[in-house]
Amino acid sequence: MSDQAFYTGLQQNLSTLREQGLFKPERVLASRQGAEVVADDGRTLINMCANNYLGLSGDPETQKAAAAALEKYGYGLSSVRFICGTQTVHKELERALSDFLGTEDTILYAAAFDANGGVFEPLFDENDAIISDALNHASIIDGIRLCKAARYRYANNDMADLEKQLLAATDAGKRHKIIVTDGVFSMDGTIAQLDKICDLADKYGALTMIDESHASGFMGKTGRGTHEHCGVMGRIDIITGTLGKALGGAMGGFTSGRKEVIETLRQKSRPYLFSNSLAPMIAGASLSVLDRISKSTELRDRLHENTAYFRKEIERIGFTIKSGTHPVVPVMLFDAPVAQKFAARMFELGVLLSGFFYPVVPMGQARVRVQLSAAHTREQLDKVLAAFEQAGRELGIIK
Ligand SMILES: *Cc1c(COP(=O)(O)O)cnc(C)c1O
């Protein structure tokens, strides 16, 4: 407590963030997660900013499965996996995830952040090259930093630039090359062009890795993910993803792929070796989620119906969106203060959504991001659209 300058510096930085409008306050909910939530002031809001794509966060059936696993396996393990922290429910979930994704084996982590943080360093070294999309998630960027491999970056979703980087890595004589991309980019709802990426990987003898955090459970005809959506199941070497979004929404992550890859990670991946086992109730609930969405595509179908409806109606009202098919719908407002005012007005009108502006998105690309869920009813979506129309008129965004 003798270095007062340290604390003064932090106070100044925090003030600067507040002045620049970049301070991130926490929104406190007094209810469970869902299509509707209760704010801590008691108001009910329609929630349009959760990653609750299949509506399984707060879902009673998922909760029941968690309760059953809690009853059978207890609260926690006080151990990492390899000492005394592996239960049958963890092995069953790893098997079920492999079957769901179409891979040989899967390893669980406490979060996708850990899966990405622990995937590169055990598999690649200074002789290798990692070729990464410029908009990849922070956890991929951090994971790559922890590894000695040479780094190559290609412009977001730009296949010509990817090929240029593959050529550069080949010319540099790199032993192994791996192309790494988010399956879906969460700011724009853009879907990676995995068919072209796999073709380029074949051409240059490269491996492929996708992060399926915004895709597992609902992209593709049966919800397997972006690899199913793009018709490249069986052509992706490594898949990482989260249990904290569509697949139940509590927490947890995974890496999936060939058995020698997963076996190596079990021996060497630091977040796996030095961090606690996934709580058994999360593993049990995730198993029930996978079982449910493997038997029926009802939730996935409802999500895509809601998405198509919202995308069509919001454009009809007169708003500009980034076109696409993903349940992430960026409603473009372009100007940062307008986006802030708009989100605040929507909050008053009973709709929870988040505004994004520079530096989170490029300058002049300010927006509010809507995320659809299978849990939204048509009535709720119509209320949200009416609020968009009202706020849009008031702020002069639409006529
Ligand atoms: C959310 C997200 C993560 C982190 O997931 P957690 O399980 O919450 O750590 C990683 N990658 C991508 C692409 C994400 O969207």
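Please read these numbers as outputs of a predicted model, since none were measured by experiment. Just so you know, these numbers use all the heavy atoms, side chains as well, and skip hydrogens, waters and symmetry mates.
- Using a 3.5 Å distance cut-off with no hydrogens or angles, the side chains of Q165 and K177 do not pair a donor with an acceptor.
- Other residues, nucleotides and ligands place more than 12 heavy atoms under 6.0 Å from the CZ atom of F334.
- The local environment of CZ in R258 is sparse, with at most 12 non-hydrogen atoms from other residues, nucleotides or ligands closer than 6.0 Å.
- Both V328 and L372 belong to a common hydrophobic cluster when Ile, Leu, Val, Met, Phe, Trp and Tyr are linked at side-chain heavy-atom distances under 4.5 angstrom.
- Of the charged side-chain nitrogens involved, none lies within less than 4.0 Å of a carboxylate oxygen, so that K164 and D158 do not count as a salt-bridged pair.
- Counting only N and O atoms by type, the side chains of D133 and N157 include no donor and acceptor under 3.5 Å apart.
- Counted within 6.0 Å of CD on E260, heavy atoms from surrounding residues, nucleotides or ligands total more than 12; the atom is thus considered enclosed.
- For the residue pair R81 / T86, a side-chain donor-acceptor distance below 3.5 Å is found, with atom types taken as modelled.
- I397 is connected to M48 through a chain of hydrophobic side-chain contacts under 4.5 Å among Ile, Leu, Val, Met, Phe, Trp and Tyr, so both are in one cluster.
- Partner of D59 under the side chain to side chain donor-acceptor pair (under 3.5 Å) criterion, out of K64, R32, R292: R292 alone.
- A salt bridge is defined here as a Lys NZ or Arg NE, NH1 or NH2 lying under 4.0 Å from an Asp or Glu carboxylate O, and R95 with E92 fails to meet this definition.
- N306 and Y53 share no side-chain donor-acceptor pair at under 3.5 Å.
- Q371 and N51 share a donor-acceptor pair across their side chains, judged by distance under 3.5 Å alone.
- S256 and T106 share a donor-acceptor pair across their side chains, judged by distance under 3.5 Å alone.
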Walk me through it: do I179 and L207 pass the test side chain to side chain contact (heavy atoms under 4.5 Å, CB included)?
CA-CA 6 Å; I179 306 167; L207 299 153; over 6 Å; no

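- Environment of CZ in R270: sparse, with no more than 12 heavy atoms of neighbouring residues, nucleotides or ligands closer than 6.0 Å.
- D105 pairs in a side-chain contact (heavy atoms from CB on, under 4.5 Å) with only one of the listed residues (T255, L97, I262), which is I262.
- Residues L101 and R224 are not in side-chain contact: their nearest non-hydrogen atoms beyond the backbone lie 4.5 Å or more apart.
- Taking the side chain as every heavy atom from C-beta outward, L247 and L56 never approach each other to under 4.5 Å.
- A donor-acceptor distance shorter than 3.5 angstrom exists from the side chain of N136 to the backbone of D182, with no hydrogens or angles considered.
- A donor atom on one side chain and an acceptor atom on the other are not found under 3.5 Å apart for T240 and E212.
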Start with the C-alpha gap between L385 and F319, add the side-chain angles, then the distance that decides, and say whether side chain to side chain contact (heavy atoms under 4.5 Å, CB included) holds.
CA-CA 11 Å; L385 288 159; F319 282 93; over 6 Å; no

Passes ring-ring contact (aromatic ring centres under 6.0 Å, His included), F82 versus Y272? Steps please.
CA-CA 9 Å; F82 79 95; Y272 182 81; 7.9 Å; no

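- Residue K312 qualifies as enclosed at atom NZ: its count of foreign heavy atoms under 6.0 Å is above 12.
- The closest side-chain heavy-atom distance from T226 to V184 is below 4.5 Å.
- Other residues, nucleotides and ligands place more than 12 heavy atoms under 6.0 Å from the CD atom of E348.
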One pair to check against side chain to side chain donor-acceptor pair (under 3.5 Å): E61 and S288. What are the steps and the verdict?
CA-CA 8 Å; E61 203 176 308; S288 112; 5.5 Å; no

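- Linking ILVMFWY side-chain heavy atoms closer than 4.5 Å, directly or via other members, places L93 and L265 in two distinct hydrophobic clusters.
- No donor-acceptor contact under 3.5 angstrom links the side chains of E163 and Y154, judged on distance only.
- Ionic pairing of R378 and D382 is not present here: no N-O contact between side-chain nitrogen and carboxylate oxygen is shorter than 4.0 angstrom.
- One finds a salt bridge joining R345 and E394 here, because a Lys/Arg side-chain nitrogen approaches an Asp/Glu carboxylate oxygen to under 4.0 Å.
- Hydrophobic clustering (side-chain heavy atoms under 4.5 Å, transitive across Ile, Leu, Val, Met, Phe, Trp, Tyr) groups L353 together with L381.
- We find that R235 and D195 are not joined by a salt bridge, their nearest charged nitrogen and carboxylate oxygen being 4.0 Å or further apart.
- Rounding to the nearest 0.5 Å gives a distance of 4.5 Å between CG of D188 and NZ of K322.
- For the 3.5 Å distance criterion, the side chains of Y109 and S269 qualify, holding a donor opposite an acceptor.
- Electrostatic pairing of R311 and E315 does not count as a salt bridge here, judged by no charged N lying under 4.0 Å from a carboxylate O.
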Output, in order, the C-alpha distance, side-chain angles, deciding distance and verdict of side chain to side chain contact (heavy atoms under 4.5 Å, CB included) for M251 and L243.
CA-CA 5 Å; M251 63 187 303; L243 303 171; over 6 Å; no

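- A salt bridge is absent between D128 and K174: the closest approach of a Lys/Arg side-chain nitrogen to an acidic carboxylate oxygen does not fall below 4.0 angstrom.
- Ion pair R145/D142 flagged as a salt bridge, since at least one NZ, NE, NH1 or NH2 atom sits closer than 4.0 Å to an Asp/Glu carboxylate oxygen.
- Between the CZ atom of F342 and the CZ atom of R367 there is a distance of 14.5 Å, given to the nearest 0.5 Å.
- Using a cut-off of 4.0 Å between Lys/Arg side-chain N and Asp/Glu carboxylate O, K268 and E121 are scored as not salt-bridged.
- If you chain together hydrophobic residues whose side chains sit under 4.5 Å apart, M332 and V384 never meet in one group.
- Contact check for T208 versus I178: no side-chain heavy atoms found under the 4.5 Å cut-off.
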Evaluate side chain to side chain contact (heavy atoms under 4.5 Å, CB included) for V370 paired with V331, printing each intermediate quantity in order.
CA-CA 7 Å; V370 168; V331 181; 4.1 Å; yes

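- Looking only at side-chain heavy atoms (C-beta outward), M209 and I236 stay at 4.5 Å or farther from each other.
- Taking the charged nitrogens against the carboxylate oxygens, R316 and E313 do have a contact shorter than 4.0 Å, which makes a salt bridge.
- No side-chain donor from either of S98 and E104 sits under 3.5 Å from a side-chain acceptor of the other.
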In sequence, state the C-alpha distance, the side-chain angles, and the governing distance for Y73 and H90, and then conclude on ring-ring contact (aromatic ring centres under 6.0 Å, His included).
CA-CA 11 Å; Y73 293 100; H90 296 106; 7.7 Å; no

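- Under the 6.0 Å distance and 45° angle rule, R300 does not count as a cation-pi partner of F218.
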